[in-house]
2 protein chains.
Amino acid sequence: MDTEKYTGILRENGMKVTPQRLEVLRFLDENRIHPTADDIYRTLKKDNPSLSKTTVYNVLDILSKYGLVEVLTISGTESRYDYGSTRHQHFLCTSCGRIVDIHIKGLCMDCMPEKGHKVEEVHGYFKGTCRDCLKGIGG
Amino acid sequence: MDTEKYTGILRENGMKVTPQRLEVLRFLDENRIHPTADDIYRTLKKDNPSLSKTTVYNVLDILSKYGLVEVLTISGTESRYDYGSTRHQHFLCTSCGRIVDIHIKGLCMDCMPEKGHKVEEVHGYFKGTCRDCLKGIGG
DNA sequence: TATTACATTGTAATCATTACAGATTAGGTA
DNA sequence: TACCTAATCTGTAATGATTACAATGTAATA
Ligand SMILES: [Mn+2]
Ligand SMILES: [Mn+2]
Ligand SMILES: [Zn+2]
Ligand SMILES: [Zn+2]
């Protein structure tokens, strides 16, 4: 179950290790689908019946505070969670609702010199119809 | 009160003209601060006591459906509304909560060729601390 | 002016997220 | 190993933005 991997990640970042944190972290690592808190909750609940949704929110909150997960607010109705990794952009399919990773250049921290604002995060996102939906095989 | 201007805009786009739509449109045009639905509601309510918040949502909904306003979902907690105009990006100040317009190049519809997705909207947004807050004069 | 489809209003419902208080536990210490 | 305690987890209730709905009002057309 590769518990050691996630235990190490939590320890290295100065977080206490709990079964709930390990499970959420593992889920995010193994399911790069930008899930909602409820997605995570419903899935993990099956094997962890005592899991509380509040705990899922708490874990996601601390993981994002420590920079391990990024919170996406593209859809407008609910937050999506993205497990760390390299900088990339996102494409929201308005047909199937999926969020697809996009890797493009042209977005950088140095893009806005003159204004004098201090940029801490750069997000690029796109909306449209994904390839699968265009082909009629989308969700 | 420049009613004719907004009457014309609504008519040209095939929408019925109502006092509520004129007021919301005028507010958005004259207050380019990316207000929330509640911002709009509270302000307009002063001079239009019978205004309903549902109406504000309805008007914003139809205006966005007709492409006159853009819905921003940067903050994650509430939608912000941006009156048409030219393509630009946004900067969310995590200190004062304001959303500032940013005009940069490097974002275009042609950025993602290989994936095969059909791009209908391109958004770029940034988070950080705005110039005013850096200077200690922010909200 | 009469008609009618559409818009507005107020209230209630929904849904994601947060607040809170009591029970549990991780990690340290003897 | 057996405690200790602050941190975490859990369940429930509260919050707040948004939406659903039904009754009332009105813009556009003839
Ligand atoms: Mn991603
Ligand atoms: Mn803007
Ligand atoms: Zn799709
Ligand atoms: Zn600021």
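Chain A is the first sequence line, chain B the second, and so forth, proteins listed ahead of strands; every chain is numbered from 1.
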task: Can you figure out which of C:dC6, C:dT9, C:dA19 approaches the side chain of B:Thr55 most closely?
output: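 Per side-chain heavy atoms of B:Thr55, the pick is C:dT9.
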- prompt: Counting side-chain heavy atoms from C-beta on, which of C:dA19, C:dT8, C:dG10 comes nearest to B:Gln20?
  reply: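 Looking only at side-chain atoms, B:Gln20 lies closest to C:dT8.
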Contact check, side chains of B:Glu120 and A:Lys127, non-hydrogen atoms, under 4.5 Å: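 Not in contact.
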Using a 4.0 Å heavy-atom cut-off, does [X] contact any base of the nucleic acid, only the sugar-phosphate backbone, or nothing at all?
X: B:Asp38; result: nothing
X: B:Thr54; result: base
X: A:Thr36; result: nothing

Rounded distance (Å) that lies between atom [atom2] of [N] and atom [atom1] of [X]:
X: A:Tyr81; N: C:dA16; atom1: OH; atom2: P; value: 12 Å
X: B:Asn58; N: C:dT11; atom1: CG; atom2: C1'; value: 14 Å
X: B:Tyr41; N: C:dT9; atom1: OH; atom2: C1'; value: 10 Å
X: B:Lys65; N: C:dA7; atom1: NZ; atom2: C1'; value: 14 Å
X: A:Asn48; N: C:dT24; atom1: CG; atom2: P; value: 18 Å
X: A:Asp39; N: C:dA16; atom1: CG; atom2: C1'; value: 13 Å
X: B:Lys45; N: C:dT8; atom1: NZ; atom2: C1'; value: 12 Å

field: Heavy-atom contact window of chain B on DNA chain D, given 5' to 3' at under 4.0 Å
entry: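 It runs D:dA17 to D:dA28.
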query: Does the A:Arg80 side chain pair with the main chain of A:Leu72, one donor and one acceptor, at a distance under 3.5 Å?
result: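 Here the side-chain-to-backbone pair does not exist.
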Polar side-chain atom of B:Asn13 near backbone of B:Ile9 as donor-acceptor pair, under 3.5 Å: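 Yes, the answer is positive, given that a donor and an acceptor are paired below the 3.5 Å cut-off.
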query: What residues, two or more places apart in sequence or in another chain, satisfy side chain to side chain contact (heavy atoms under 4.5 Å, CB included) together with A:Phe27?
result: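 A:Asn31, A:Pro35, A:Ile40, A:Thr43, A:Leu44.
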- prompt: Are B:Tyr125 and B:His90 an aromatic pair by the rule of ring centers under 6.0 Å?
  reply: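 Distance test on ring centres: not under 6.0 Å, no.
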- request: Determine, step by step, whether B:Val56 and B:Asp61 satisfy the side chain to side chain contact (heavy atoms under 4.5 Å, CB included) criterion, reporting the C-alpha distance in whole Å, the side-chain angles of both residues, the deciding distance to 0.1 Å, and the verdict.
  value: CA-CA 8 Å; B:Val56 174; B:Asp61 192 52; over 6 Å; no
message: Measuring from atom SG of B:Cys133 to atom NZ of A:Lys118, what distance do you get when rounded to the nearest 0.5 angstrom?
response: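 Result: 12.0 Å between the selected atoms.
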query: Roughly how far, to the nearest 0.5 Å, is the CD1 atom of B:Ile74 from the CD1 atom of B:Ile99?
result: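 If we round to the nearest 0.5 Å, B:Ile99:CD1 and B:Ile74:CD1 are 4.5 Å apart.
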Quick one: is [X] getting a side-chain N or O under 4.0 Å of the [N] phosphate, OP1 or OP2?
X: A:Ser79; N: C:dT17; answer: yes
X: A:Arg21; N: C:dA26; answer: no
X: A:Thr18; N: C:dT25; answer: no

field: Pairwise 5' ranking along DNA chain D for A:Met15 and B:Asp61, keeping only the more 5' one
entry: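 Of the two residues, A:Met15 wins.
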query: Want to settle it: does B:Lys53 or B:Pro19 sit nearer the 5' end of DNA chain D, counting the closest nucleotide to each?
result: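 This one resolves to B:Lys53.
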query: So how far off straight is the helix from C:dT1-D:dA30 to C:dA30-D:dT1, going by the axes through five pairs at either end, to 10°?
result: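 About 30°, once rounded to a multiple of 10°.
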- prompt: Looking only at side chains, do A:Asp39 and A:Thr36 share a donor and an acceptor under 3.5 Å apart?
  reply: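 Yes.
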message: Under a 4.0 Å threshold between the charged nitrogen and the carboxylate oxygen, would A:Lys53 count as salt-bridged to A:Asp38?
response: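 Looking at A:Asp38 and A:Lys53, the cut-off is met.
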